[in-house]
Undergrad: 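I am attaching a structure below and will ask some questions about it afterwards.
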Amino acid sequence: MADNAKLIIEGTTYELPTLIGTEGEKAVDIRKLRGASGYVTLDSGYMNTGSCESAITFINGEEGILRYRGIPIEQLTEKSSFAEVSKLVLDGELPKSDVLDEFSRVLTENAMIPEELKNSLYNFPADAHPMSVLGSLIFGLAGFYPHVDATSSEDEIRTAATNLIAKTSTIAAFSYKRSIGEPFVYPSKDLGYSENFLNMMFSSPVNGYEIDSDMVEALEKLLILHVDHEQNCSASTMRLVGSSHANLYSAVAASIAALWGPLHGGANQSVMEMLATIHQSGKDPADFIEMAKDKSNSFRLAGFGHRVYKNYDPRARVIKGTCRKVLEKSAKDPLLQIAMQLEEQVLQDDYFIQRKLYPNVDFYSGILYKAMGIPTEMFTVLFAIGRMPGWISQWKEMISDPTNKIGRPRQIYNGNNKTDYTPVENR
Ligand code: ACO
């Protein structure tokens with residue numbers, strides 16, 4: 001335990017407790033500062049604010065480390081499965097084999113969605129963005145399961161967590177089938193989570209779909225890599241919405257909305273759009289690199305740089321190898337070739353080296369999804385499928401924290417002082 005911090009404001013010294021996390025992260029506890037001094041801290045974008053204590057995920061952006069419940073993602077992607085990692089983050093420990101078997105079984109068993117909800121897919125335009133469909137249908141699930149919130153029992157929460165993880169991939173695949181006008185393919189009890197998803201996406205009554213084990217392996221890895229990333233925008237949304245004791249399904253729908261933004265989960269879609277622009281322009285990728293370096297131009301290379309990782313994104317490092325393996329099968333795609341050229345040139349460019357801008361996970365995930373045949377608009381949906389166990393774990397941790405309060409930041413008001421109303425004829 002370090003000494004208290006001292007803050008001198010207007011000649012008065014305030015002692016503020018400090019705390020140190022298990023990996024040495026340090027914080028000054030300002031919870032009582034406003035009461036004692038009348039001052040709040042101002043930190044837009046929360047760049048320097050810890051919103052909670054958490055035991056789920058550890059990130060060290062400088063060293064490029066990411067661990068769930070202490071276990072490095074390199075080990076999890078090599079040895080584990082998405083179902084097992086989901087259980088790990090949700091329960092805090094690796095499941096014993098009987099627990100994992102049971103979880104995998106109920107994941108498949110709960111993959112069906114209510115028929116009324118399925119039929120509501122026809123109320124969306126066929127070209128609706130699948131994130132809009134996913135968010136709406138998950139919100140719709142709150143209508144089917146209205147009583148799951150911070151006051152629910154452990155059993156009810158466990159069932160809801162399984163339900164959400166199971167049904168998300170079905171909603172995602174159904175929204176795709178709806179968009180291409182094909183009949184829905186229901187989940188099968190004989191298939192695992194990722195196999196089921198690929199089968200629901202790509203098989204049809206006339207065209208059977210042969211599940212490729214390399215694609216299943218790649219998808220499992222991608223889902224594992226996206227399971228959690230501590231207090232990012234959508235996880236913080238989950239906690240903020242959940243802190244009002246809102247229904248769990250509705251808090252997840254809010255997180256889906258947050259994830260959809262191009263600065264968060266929408267980045268992998270931006271990567272593919274950028275690659276398509278480079279391709280259509282017929283120019284050399286180097287021209288776009290120069291454009292990204294030009295300060296008079298707002299263009300940035302999508303898929304490079306990260307707010308937290310000022311080193312190689314560890315998720316990108318893991319997925320890069322898988323990417324190469326899958327690309328060997330589909331290397332003819334010109335966008336994929338442009339991506340490889342771009343990466344090679346950026347990694348040797350001083351501008352990017354000096355600013356510690358490396359490819360992030362979104363750079364490779366988009367490429368891999370494309371190689372799997374997943375359409376660009378679905379990329380962020382895949383991110384949401386992977387992130388589901390993380391969001392629920394963040395929510396669970398929050399509701400079980402006795403110090404938790406409704407999230408309600410302060411502000412510094414900088415608008416007009418008291419101003420009298422002017423009647424419309426005098427304005
Ligand atoms: N291309 C060109 N220059 C860049 C890029 C980029 N992709 N990213 C950062 N820079 C430059 C900035 O212009 C700035 O240069 P300067 O110091 O000369 O002014 C410097 O690098 C630092 O950039 P910041 O914006 O201050 O870094 P920050 O940490 O705030 O931003 C972000 C991180 C938003 C991810 C940024 O790198 C970016 O816009 N990348 C492209 C979008 C992207 O790929 N997002 C996905 C993130 S991963 C995820 O959400 C799962």
Side-chain angles (χ1 to χ4, degrees), residues 43-49 57 59-62 64-66 68 73 131 221-238 255-278 285-320 338-339 342-369 376 379-388 390-391 394:
D43 185 19
S44 55
Y46 311 122
M47 302 270 290
N48 202 46
T49 295
T57 291
I59 301 176
N60 181 325
E62 281 70 34
I65 294 173
L66 172 59
Y68 303 147
I73 49 141
M131 279 299 273
K221 284 193 199 311
L222 278 166
L223 294 179
I224 292 171
L225 289 176
H226 285 89
V227 160
D228 196 57
H229 214 233
E230 50 120 302
Q231 307 314 315
N232 55 79
C233 181
S234 56
S236 299
T237 302
M238 187 75 198
S255 298
I256 290 171
L259 186 73
W260 191 5
L263 296 187
H264 191 10
N268 51 16
Q269 177 166 342
S270 309
V271 171
M272 295 319 289
E273 286 164 0
M274 177 187 74
L275 295 175
T277 307
I278 298 177
D287 296 337
F288 286 81
I289 295 177
E290 288 312 311
M291 205 158 84
K293 288 157 60 177
D294 178 359
K295 291 293 165 198
S296 65
N297 192 321
S298 62
F299 173 75
R300 283 186 171 192
L301 280 186
F304 291 87
H306 195 275
R307 169 59 62 79
V308 176
Y309 295 117
K310 302 301 173 193
N311 196 323
Y312 216 100
D313 179 340
R315 301 166 300 175
R317 202 189 293 280
V318 167
I319 211 61
K320 188 174 170 178
I338 292 172
L342 202 61
E343 183 211 357
E344 206 182 309
Q345 294 177 19
V346 164
L347 289 178
Q348 292 167 7
D349 192 301
D350 271 353
Y351 172 97
F352 292 88
I353 295 170
Q354 278 164 12
R355 287 169 181 75
K356 302 187 171 156
L357 300 169
Y358 296 93
N360 57 48
V361 67
D362 287 319
F363 185 70
Y364 295 105
S365 64
I367 297 169
L368 258 179
Y369 291 141
T376 310
F379 290 179
T380 318
V381 171
L382 269 287
F383 192 156
I385 296 174
R387 187 53 57 88
M388 192 58 64
W391 286 331
Q394 296 285 343

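In each ligand, atom 1 is the first atom listed, and ligand 1 is the first ligand listed. Just so you know, these numbers use all the heavy atoms, side chains as well, and skip hydrogens, waters and symmetry mates. Position 1 is the first residue of the sequence; numbering continues from there.
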Undergrad: Quick one: do the E230 and Q394 side chains pair a donor with an acceptor below 3.5 Å?
TA: no
Undergrad: Any idea which of R387, R355, R300 brings a heavy atom closest to atom 21 (O) of ligand 1?
TA: R355
Undergrad: Out of F304, F379, Y312, Y369, which residue meets the ring-ring contact (aromatic ring centres under 6.0 Å, His included) rule with F363?
TA: F304
Undergrad: So which bit of V271 gets within less than 4.0 Å of ligand 1, heavy atoms only: side chain, backbone, both or neither?
TA: neither
Undergrad: From the options S270, G265, S234, G303, select the one whose nearest heavy atom is closest to atom 42 (C) of ligand 1.
TA: G303
Undergrad: Hey, is F363 touching ligand 1 through its side chain, its backbone, both or neither, going by heavy atoms under 4.0 Å?
TA: neither
Undergrad: What protein heavy atom is closest to atom 3 (N) of ligand 1, reported as residue, atom name and distance in Å?
TA: Y351 OH, 3.0 Å
Undergrad: Quick check on Y46: does its OH atom have over 12 non-hydrogen neighbours (other residues, nucleotides or ligands) under 6.0 Å away?
TA: no
Undergrad: Going from OH on Y351 to CD on E290, what distance comes out if it is rounded to the nearest 0.5 angstrom?
TA: 10.5 Å
Undergrad: Would you give the length of the straight line joining atom CZ of R315 to atom NZ of K320, rounded to the nearest 0.5 angstrom?
TA: 15.5 Å
Undergrad: Indicate whether any N or O donor in one side chain lies under 3.5 Å from an N or O acceptor in the other, for T57 and H229.
TA: no
Undergrad: Using a 4.0 Å heavy-atom threshold (strictly under), name the region of R307 that reaches ligand 1: side chain, backbone, both or neither.
TA: both
Undergrad: May I ask you to check if ligand 1 and V361 share an N or O to N or O distance below 3.5 Å?
TA: no
Undergrad: Quick check: does A302 get an N/O under 3.5 Å from an N/O on ligand 1?
TA: no
Undergrad: What protein heavy atom sits nearest atom 49 (C) of ligand 1, and how far away is it?
TA: D362 OD2, 3.3 Å
Undergrad: Which protein non-hydrogen atom lies closest to atom 1 (N) of ligand 1, naming both residue and atom, and how far is it?
TA: L301 N, 3.1 Å
Undergrad: Determine whether the side chains of N268 and S270 contain a donor N or O and an acceptor N or O closer than 3.5 Å.
TA: no
Undergrad: Among protein heavy atoms, which lies nearest atom 40 (N) of ligand 1, and at what distance?
TA: F304 O, 3.0 Å
Undergrad: Out of all atoms in ligand 1, which are within 4.0 Å of some heavy atom of H264? Include the element for each.
TA: 49 (C), 50 (O)
Undergrad: Among all residues two or more places apart in sequence or in another chain, which pass the side chain to side chain contact (heavy atoms under 4.5 Å, CB included) test with D294?
TA: S296, N297
Undergrad: Is there at least one protein heavy-atom neighbour under 4.0 Å from atom 7 (N) of ligand 1?
TA: yes
Undergrad: How many angstroms lie between atom CD1 of I338 and atom CG of L275, to the nearest 0.5 angstrom?
TA: 6.5 Å
Undergrad: Going by the atom numbers of ligand 1, which of them fall below 4.0 Å from some non-hydrogen atom of G305?
TA: 35 (C), 37 (O)
Undergrad: Should F299 be listed as contacting ligand 1, given a heavy-atom distance under 4.0 Å as the test?
TA: no
Undergrad: Just by distance, with hydrogens left out, do E344 and Q348 show a side-chain donor and acceptor under 3.5 Å apart?
TA: no
Undergrad: Can you name the atoms of ligand 1, numbered from 1 with element, that are less than 4.0 Å from a heavy atom of K310?
TA: 29 (O)
Undergrad: Do me a favour and list the nearest non-hydrogen protein atom to atom 47 (C) of ligand 1 with residue, atom name and distance?
TA: N360 ND2, 3.7 Å
Undergrad: Partners of R300 by side chain to side chain contact (heavy atoms under 4.5 Å, CB included), sequence neighbours excluded?
TA: none
Undergrad: Please identify which atoms of ligand 1 are closer than 4.0 Å to at least one heavy atom of L263.
TA: 50 (O)
Undergrad: Can you tell me if K293 has a non-hydrogen atom under 4.0 Å from ligand 1?
TA: no
Undergrad: Nearest to atom 46 (C) of ligand 1, what protein heavy atom do you find, and at what distance?
TA: A267 CB, 3.3 Å
Undergrad: Is K295 in contact with ligand 1, taking contact as a heavy-atom separation below 4.0 Å?
TA: yes
Undergrad: If we ignore angles and hydrogens, is there a donor and acceptor under 3.5 Å between the side chains of E62 and N311?
TA: no
Undergrad: Can you report which non-hydrogen protein atom sits closest to atom 9 (C) of ligand 1, along with the distance?
TA: L357 CD2, 3.4 Å
Undergrad: From H306 NE2 over to L357 CG, what is the distance, rounded to the nearest 0.5 angstrom?
TA: 12.0 Å
